[in-house]
There are 2 protein chains.
Amino acid sequence: MTTEEPCDTLIDPLADKIGYQLRRASLAYLTHLTLAVEAFDLRIAEMTFLMFVAVNPGCSQGEVSRVLGVKRTNMVPTVTELVKRGYLVREAADGRTNALTLTASGMSLHASLSEAIDGCDQRFFGDMAPAKLEALRDALLEIRAKA
Amino acid sequence: MTTEEPCDTLIDPLADKIGYQLRRASLAYLTHLTLAVEAFDLRIAEMTFLMFVAVNPGCSQGEVSRVLGVKRTNMVPTVTELVKRGYLVREAADGRTNALTLTASGMSLHASLSEAIDGCDQRFFGDMAPAKLEALRDALLEIRAKA
DNA sequence: TATTGTTATACTCTATAACTATA
DNA sequence: TATAGTTATAGAGTATAACAATA
């Protein structure tokens, strides 16, 4: 066998596909955020839900699911876990709706969590030129609006 | 019961979190791309792999897995399926490495697939201001580089 | 000894259908 | 009749461990 390599310089046909780069960038960020959140023994979904209830005390699962774009059926384990661990309380708002609020423990966790997330954001976006950051933000909202 | 609503105007604490918007935008795009690719009875992973081999004839699974950031163990079903359906051929490059190439059928599929993806990209990025698009592209690469 | 491809397996996220109870 | 929450379940994507064959 010679030392020929069948394909020693690969061409990436997706390098200039902006949709693909969007996915790869999102995944890169998400990987680090997952690590940051795991320090609190939480999953991304649990963290997101907790962040949401923190600023919307008294909201219901259905409301959160609609804003976050998560099926309400898939939020049940998330809420159950947060309640079980004493971060979240369900109180009957009416016979079928629960009003959700954080406990003191949940609020404390929320504060620590916010710092961790900000640290992750600082790493990824902290040294980005303000104009580029603003353009990125605008572009992302524009993309979401086209869904 | 009164008509009081416990939480009629929800605040989205993630609205100005750029990492979260990155994830939502990526998901919005991916949802539509998935639909476009399903028209060919393909999954995203299968489409991506095929696009890659098309411009890198003779490459190996391991090489593709490294560039795409996919574990080689998870690519086996993808390759197996593409071979089974006659889009891809494995030929022994040496005793342990397979050189991958598209069949005529695979190349034909690749052409149709490219059009479908371009259509999806056109929808999401076609009417975006060139300067914003360029800033978006730069920002995404910058984010990936920080992983 | 390191690498290629593979199998088996497990965990997370996401999706649908169907149920209870309440409005 | 529509909605809130739930259960069960199935499909993808992704992770590790371990193996055989080969460099």
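This structure is a prediction, so every number in the text was calculated from the model and none was measured. Note on naming: letters A, B, ... go to the chains in the order of the sequence lines (proteins, then strands), and numbering restarts at 1 for each one.
- Whole-Å rounding puts the B:Asp41 CG to D:dA12 P distance at 10 Å.
- Separating the CD atom of B:Glu46 from the P atom of D:dT14 is a distance of 13 Å, rounded to the nearest angstrom.
- Here the P atom of nucleotide D:dA20 and the CG atom of B:Asp94 are 20 Å apart, to the nearest Å.
- Checking the phosphate oxygens (OP1, OP2) of D:dA15, no side-chain nitrogen or oxygen of B:Arg72 falls inside 4.0 Å.
- In terms of the ring-ring contact (aromatic ring centres under 6.0 Å, His included) criterion, A:Phe52 has no residue partners (sequence neighbours excluded).
- Rounded to a whole Å, the CG atom of B:Leu88 is 12 Å from the P atom of C:dG5.
- At a threshold of 4.5 Å between non-hydrogen side-chain atoms, the residues B:Thr78 and B:Met47 do not count as touching.
- In this structure, the CE atom of B:Met47 is 15 Å from the C1' atom of D:dA12, given to the nearest Å.
- Atom CG in B:Asn98 sits about 19 Å away from atom P in D:dA20, given to the nearest Å.
- Of the candidate nucleotides D:dA23, D:dT6, D:dA4, D:dA4 has the atom lying nearest to any side-chain atom of A:Arg96.
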Letter by letter from the 5' end, nucleotides 8-14 of chain C scores (B base, S sugar-phosphate only, - none; protein heavy atoms under 4.0 Å) B---SSB

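- Spacing between atom CE of A:Met75 and atom P of D:dG5 amounts to 8 Å, rounded to whole angstrom units.
- Residues satisfying the ring-ring contact (aromatic ring centres under 6.0 Å, His included) criterion with A:Tyr29, sequence neighbours excluded, are A:Phe124, A:Phe125.
- Side chain of A:Ser65 to backbone of A:Gly62: a donor-acceptor contact under 3.5 angstrom is found.
- By the ring-ring contact (aromatic ring centres under 6.0 Å, His included) test, B:His110 is found to be paired with no residue, residues two or more places apart in sequence or in another chain being considered.
- Nearest nucleotide to the A:Gln61 side chain, out of D:dA2, D:dG5, C:dT7: D:dG5.
- The ring-ring contact (aromatic ring centres under 6.0 Å, His included) test applied to A:Tyr20 returns no partner, not counting sequence neighbours.
- Shown here are the side chain to side chain donor-acceptor pair (under 3.5 Å) partners of A:Glu46, two or more places apart in sequence or in another chain: there are none.
- In this structure, CG of B:Leu33 is placed 12 Å from P of D:dG13, rounded to the nearest angstrom.
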